[in-house]
Amino acid sequence: MWSLFHKFGSPPWLYRLSGSILRWLLPITVIALVAGAVWGVLFTPPDFRQGNSYRIIYIHVPAAVVALAGYYVMAIAGAVSLIWRMKMADVAMRACAPIGAALTFIALVTGSIWGKPTWGTWWVWDARITSMLILFFLYLGVVALYEAYENKELAAKACAVLSLVGTVNIPIIYKSVDWWYSLHQPASIKFTGGTTIDPSMLYPLLLMIVAFYALFTCALLLNMRAEILQREQRTAWVRRLAAAGESD
Amino acid sequence: MYFESMAAALQMEGHGAFVWSAYLITLGAIVLILYAPRRREKRFLRQLEGQIRRSGGKVPGAAKEV
């Protein structure tokens, strides 16, 4: 266990491992995303109340779910970076931020587009939507904070603290539809209790959630690889890689 | 397919503009989050390769083997 932990701390090992994972994970992710989207948009029946506008669910829900999970990944990486001063955890934390911001952006924009035909408005300042907007700003805050510091060690510490403090927002997002009156509907998929969505609509949704998790992993590894090379640019292994004129 | 024709799938009984624009924006964001780091990595390696060539096979400060 500890040897694996130490291996994760090795930049060249992580760079090579991510290269071999991406070789098969990236094509699988693209296939799953296309299959899930085509299934959801073209092969499922319309919702009896919302009609065809509900088809936005196949991107809105997966993006929101993974944006929230991604924040936990960022905060855990931040905690590891603070406690054990592990450089690769700092790399992972920084890599999570732009991806999380993009996924939160997708959730907010698709939610807004879905809101117009369903609620009659593009935007309402209700608890779920506002807390998701705060999540978007937290992700952007980590990106901006890192760039604001000349001293990157200090930047990593500040970002780790910000991401840890921001975790307080995640349970608020989850529970917002239960705690406050909201236009946003409660969760349709529940681990405990009955799922309120028909299987013909549920399966493509589950496929898209898995595909978005895979997308997050691919984007995380790609970001980490770029970051690792820049941080390790003075080492012999990066120099050899550049001289060979190709990446792993 | 649920829809009878591609035209019906595009229209979606009046919801087509909402659904398709949401999917297009998502596609753009996904392409960006996958393409941007790959481009950053390639560009960095090209720059470093140029530096190595200009300095006759050495990169300033390159010594460490990790």
Side-chain angles (χ1 to χ4, degrees), chain A residues 10-12 26 29-30 33 37 41-46 50-56 58-60 63 95 98-99 102-103 105-106 109-114 116-118 215-216 218-219 221-230 232-239 241-247, chain B:
Chain A
S10 160
L26 199 55
T29 303
V30 173
L33 282 169
V41 173
L42 299 178
F43 291 91
T44 55
Q50 298 181 36
N52 285 303
S53 69
Y54 99 96
R55 295 180 196 279
I56 294 172
Y58 298 107
I59 39 176
H60 175 74
I99 312 162
L103 290 171
F105 173 79
I106 293 173
V109 170
T110 56
S112 172
I113 295 172
W114 192 2
K116 185 63 183 167
T118 312
L215 171 70
F216 179 84
C218 287
L221 292 177
L222 285 168
N223 268 317
M224 285 180 72
R225 285 165 67 81
E227 183 73 20
I228 285 171
L229 287 185
Q230 277 183 320
E232 298 287 305
Q233 57 181 291
R234 292 179 188 280
T235 60
W237 74 272
V238 174
R239 189 183 148 206
L241 203 68
E246 57 184 74
S247 54
Chain B
M1 189 162 89
Y2 168 76
F3 299 98
E4 284 175 4
S5 64
M6 273 320 283
L10 282 175
Q11 280 207 327
M12 289 192 180
E13 292 153 1
H15 287 156
F18 297 107
V19 174
W20 291 114
S21 63
Y23 275 84
L24 272 178
I25 291 166
T26 303
L27 177 69
I30 289 174
V31 168
L32 196 71
I33 57 175
L34 291 178
Y35 178 68
R38 191 81 188 122
R39 186 163 158 246
R40 187 177 146 207
E41 184 185 344
K42 292 266 181 203
R43 186 186 282 179
F44 171 77
L45 282 174
R46 259 203 315 275
Q47 279 175 354
L48 193 59
E49 189 194 356
Q51 271 183 37
I52 292 169
R53 234 185 296 120
R54 280 193 298 278
S55 62
K58 280 187 173 181
V59 172
K64 274 195 296 178
E65 177 71 83
V66 181

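Chain identifiers are assigned alphabetically (A, B, ...) following the order of the sequence lines, protein sequences preceding nucleic acid strands; residue numbering begins at 1 within each chain. Predicted model, so just to flag it, every value in this text is computed and none were measured.
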request  = Quick one: which of A/Val41, A/Leu26, A/Val109 has the most heavy-atom pairs under 4.5 Å with chain B, could you say?
outcome  = A/Val41
inquiry  = Out of A/Ile106, A/Thr110, A/Ile113, return the one with the most heavy atom pairs under 4.5 angstrom to chain B.
reply    = A/Ile113
task = Find the one option among A/Leu222, A/Thr44, A/Ile99 whose heavy-atom pairs under 4.5 Å with chain B are most numerous.
result = A/Leu222
key: Structural part of A/Phe105 lying under 4.5 Å from a heavy atom of chain B   = side chain
key: Nearest non-hydrogen partners of A/Met224 and A/Ala95, listed with the distance   = CG-CB, 3.7 Å
query = Only one of B/Phe18, B/Tyr2, B/Trp20 forms a side-chain contact (heavy atoms from CB on, under 4.5 Å) with B/Met12, so which one is it?
reply = B/Trp20
Cationic N near anionic O, under 4.0 Å, B/Arg46 to B/Glu49 = no
query = Hey, does the side chain of A/Gln233 reach the backbone of A/Gln230 with a donor-acceptor pair shorter than 3.5 angstrom?
reply = yes
request  = Find the distance between CD1 (B/Ile25) and CD1 (B/Ile30) and round it off to the nearest 0.5 Å.
outcome  = 12.5 Å
request  = Quick one: which of B/Ala17, B/Ala22, B/Gly28 has the most heavy-atom pairs under 4.5 Å with chain A, could you say?
outcome  = B/Ala22
